[in-house]
Amino acid sequence: MLTLQCLREERDRVISALAKRHVESATTIDEILKLDAQRRATQNELDQVLAESNSLSRQIGVLMREGKKDEAESMKIQTSGFKDKSSALKQAMEDAENQLNELLVQLPNTPCDLVEAGKSSEDNVEVFRSDEPQEAGGHAKPHWDIAKEFDLIDFDLGAKVTGAGFPFYKGRGAKLQRGLIRFFLERAEEAGYTEYIPPHVVNADSGYGTGQLPDKEGQMYHMQEDDLYMIPTAEVPLTNIFRDVVLTESDLPQKLCGYTPCFRREAGSYGKDVRGLNRLHQFDKVEIVQITHPSESYAKLDNMVEHVKGLLAGLELPYRILRLCGGDMGFTSAMTYDFEVWSAAQERWLEVSSVSNFETFQANRLKCRFKDVDGKNKLVHTLNGSALALPRILAALLENHQDHEGVVIPKALVPYVGFNRIGG
RNA sequence: GGAGAGGUGGCAGAGUGGUAAUGCAGCAGCCUGCUAAGCUGUGACCGAUUUAUUGGUCCCCGAGUUCGAAUCUCGGUCUCUCCGCCA
């Protein structure tokens, strides 16, 4: 969430930045500032009461030690009233703080200067397009047909055993999946990311830390009995490693990566959007995360974009990169690049990666800071990106690399999957 | 799942009702005739402010008892040991 300090000092800049998201924030922010002032005033009053009561207690302590019980008893009488007064003030302070937080949590991150205003995905800016040709063949088979023909994925079986959106991968389909994961992880390792295998289930504090809670409560599977959430992305456990952590400046940047399954309820999706591998309740993804010094987060964002470009080039897939406009960006992000691969049979773009800089928005919730040269604690910047999400990559591989007899595996991937084509 | 023990600063470690000893490490300053020793300071969070200071909170978390809680009571959580179950 946004910091109070930022709202106090840069009220107008925040309002105009949020306007890029079509969020009208002036009223909320002014209400927050009012509550903030109120809270501080209450705290001053409370501190005074506590100071007086502390000093009396201390004096009683001295008298007791000296054995002057009568004097101590008479002094106790003076303390009556402090308790009511202080608990009333505590309550008032807590109320103001709760109200303030409730409002603060509703404000999304401020988009960075480069981000266009824009209303929807229509207004995203294409910043790059690869040289790979986008086949637009009426003859191209959709991936669900290819998957069936070569028995790579069984959607019906998944529906029987679990439900729609939970496919089985079989035989070469499973190997392809495993090979892709290894390919992505090893490329990340070469780029200096340390691999983690995190828990696939997290507690509510972690969900709050990265911003899934309270905003996107309904997106995650929740295990009521233990109050735990299945992760919608490895971003959640990986970034929460740094919750309540103070790093030293030389620890920065931290670069980590991890493969996990991701679980999303995706309530309300339907139609061609969810056909085949387009949208699943469980899918595999390799995620990269960086924790950086504020001065270099945008340079690192560029590095991450380059890294993902390298992966897609290795897979020889046609793709484009979009800089999301204010209206289409996620709640917590200050700037996001989406990667989309071309689906030859569906003749449309499929999102396979989203690379974002959250600046201090997550760090503020996480309380992840570093000690700067002056010994002051400052919030870090957090970034993450998919590198990459598997199902749509698999779909694009099957559709774009098909020939008359089957599917050709791109050279870079062959060592990881152990075969160079499917069929034929 | 059952029984027991425990959680104090970066680390070690005292503290059974009067407001957190001591040691080590790190950092900064001072001193010093040399790989040293010594001395001083040293956290986080929320505030006030004349930026020199200054109030409050923090002994795993939350409630309670008390003028006063690291210390007593209740609940939670995590760690360790033993038993049971188990890939």
Side-chain angles (χ1 to χ4, degrees), chain A residues 1-9 32-105 197-209 213 223-229 237 240-252 254 261 360 362-380:
Chain A
M1 67 192 150
L2 298 173
T3 63
L4 270 175
Q5 191 191 7
C6 163
L7 292 180
R8 271 186 227 140
E9 290 170 5
I32 288 171
L33 292 176
K34 200 183 94 193
L35 285 164
D36 178 46
Q38 196 178 310
R39 202 208 81 231
R40 280 184 290 168
T42 311
Q43 190 186 343
N44 269 333
E45 247 182 282
L46 174 64
D47 284 355
Q48 264 175 33
V49 173
L50 287 176
E52 272 182 69
S53 136
N54 282 347
S55 126
L56 270 179
S57 288
R58 228 165 283 152
Q59 289 173 48
I60 292 172
V62 172
L63 291 173
M64 294 292 277
R65 234 174 312 166
E66 291 171 349
K68 299 175 181 166
K69 281 209 168 146
D70 295 344
E71 287 180 50
E73 286 302 326
S74 69
M75 199 168 250
K76 279 189 194 178
I77 296 164
Q78 294 179 49
T79 64
S80 69
F82 277 132
K83 199 161 199 186
D84 289 345
K85 226 191 280 180
S86 73
S87 66
L89 286 167
K90 258 181 213 164
Q91 190 60 50
M93 206 168 102
E94 208 173 293
D95 288 348
E97 211 164 270
N98 288 341
Q99 281 179 51
L100 193 156
N101 270 325
E102 222 166 275
L103 293 174
L104 205 51
V105 156
I197 301 179
H200 299 169
V201 164
V202 294
N203 57 31
D205 283 346
S206 295
Y208 179 80
L213 298 176
M223 287 174 272
Q224 204 172 11
E225 192 152 9
D226 300 291
D227 194 23
L228 295 171
Y229 295 85
N240 271 284
I241 290 172
F242 298 95
R243 173 151 50 83
D244 293 319
V245 166
V246 181
L247 297 158
T248 61
E249 202 164 335
S250 59
D251 290 332
L252 300 174
Q254 292 279 326
T360 61
Q362 287 182 332
N364 188 33
R365 287 201 192 186
L366 292 162
K367 294 202 173 61
C368 177
R369 293 155 298 171
F370 69 98
K371 219 172 253 307
D372 75 1
V373 280
D374 302 326
K376 295 250 182 204
N377 288 333
K378 288 195 177 152
L379 294 171
V380 299

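Every chain is numbered from 1, with letters handed out A, B, ... down the list of sequences.
Of all nucleotides present, none satisfies the Watson-Crick or G-U wobble test against rC86(B) with each distance under 3.5 Å. Using N1 to N3 plus N6-O4 or O6-N4 for Watson-Crick, or N1-O2 and O6-N3 for G-U wobble, each under 3.5 Å, rU66(B) pairs with nothing. In this structure, rU53(B) forms a base pair with rA48(B), meeting either the Watson-Crick or the G-U wobble geometry with both donor-acceptor distances under 3.5 Å. When both pairing distances are held under 3.5 Å, rC11(B) makes a Watson-Crick or G-U pair with rG23(B). The partner of rU32(B) cannot be assigned: no Watson-Crick or G-U wobble pair with both contacts below 3.5 Å exists in any strand. When Watson-Crick and G-U wobble pairs are counted only if both distances are under 3.5 Å, rA37(B) pairs with no nucleotide at all. Applying the Watson-Crick and G-U wobble criteria (two distances, each under 3.5 Å), rC58(B) pairs with rG43(B). Figure legend. rG6(B) is base-paired to rC78(B); pairs are counted as Watson-Crick or G-U wobble with both atom distances under 3.5 Å.
Comparing the P positions of rG47(B) and rA36(B) gives an interatomic distance of 43 Å, to the nearest angstrom. Rounded to whole Å, the separation between the P atoms of rA87(B) and rC74(B) comes to 39 Å. Rounded to the nearest Å, the gap between the P atom of rA21(B) and that of rA70(B) is 13 Å. Nucleotides rG29(B) and rA20(B) have their P atoms positioned 30 Å apart, rounded to a whole Å. Taking atom P in both rC45(B) and rU32(B), one finds a spacing of 37 Å when rounded to whole Å. Taking atom C1' in both rU65(B) and rU71(B), the straight-line distance is 13 Å, to the nearest Å. Straight-line distance between the P atoms of rA69(B) and rC59(B): roughly 11 Å, to the nearest whole Å. Taking the C1' atoms as reference points, rG4(B) lies 40 Å from rG56(B), given to the whole Å.
Contacts of S250(A) classified as side-chain hydrogen bond (donor to acceptor under 3.5 Å, both in side chains), with partners at least two apart in sequence or in another chain: T248(A). Among residues two or more places apart in sequence or in another chain, the salt bridge (charged side-chain N to carboxylate O under 4.0 Å, His left out) test is passed with K367(A) by none. By the side-chain hydrogen bond (donor to acceptor under 3.5 Å, both in side chains) test, Q224(A) pairs with no residue at all, sequence neighbours left out. For D84(A), there are no side-chain hydrogen bond (donor to acceptor under 3.5 Å, both in side chains) partners two or more places apart in sequence or in a different chain. The ring-ring contact (aromatic ring centres under 6.0 Å, His included) check on F82(A) picks up nothing, with sequence neighbours excluded. A search for ring-ring contact (aromatic ring centres under 6.0 Å, His included) contacts involving F370(A) returns H293(A), not counting sequence neighbours.
On the nucleic acid side, RNA chain B has its first and last nucleotide under 4.0 Å of a heavy atom of chain A at rG18(B) to rG68(B), going 5' to 3'.
As judged by a 4.0 angstrom heavy-atom cut-off over every strand, L50(A) is placed among residues touching the sugar-phosphate backbone only. Using a 4.0 Å heavy-atom criterion, one finds that T79(A) contacts the sugar-phosphate atoms exclusively. Nucleic acid contact for K371(A): sugar-phosphate only, since backbone atoms but no base atoms lie under 4.0 Å from a heavy atom of the residue.
The shortest side-chain heavy-atom distance between Q78(A) and M75(A) falls under the 4.5 Å cut-off.
Atoms CG and CG, on L379(A) and L366(A) in that order, are 9.5 Å from each other to the nearest 0.5 Å.
Summarising the local packing, CG of D70(A) is surrounded by 12 or fewer heavy atoms from other residues, nucleotides or ligands at distances under 6.0 Å.
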Using atom types as modelled, flag every donor-acceptor pair under 3.5 Å from a side chain in residues 37-48 of chain A to any protein atom, sequence neighbours excluded.
from, atom 1, to, atom 2, distance (Å)
R40(A), NH2, D36(A), OD2, 3.2
T42(A), OG1, Q38(A), O, 2.8

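Nearest-nucleotide positions on RNA chain B for N54(A) and G61(A) put G61(A) closer to the 5' end. Looking at which nucleotide of RNA chain B each of R58(A) and N44(A) is closest to, the 5′-most match is held by R58(A).
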*Working for side-chain contact (heavy atoms from CB on, under 4.5 Å), residues I32(A) and L7(A)*: CA-CA 9 Å; I32(A) 288 171; L7(A) 292 180; 4.0 Å; yes

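Using a 4.0 Å cutoff on non-hydrogen atoms, no part of residues 85-92 of chain A comes near RNA chain B.
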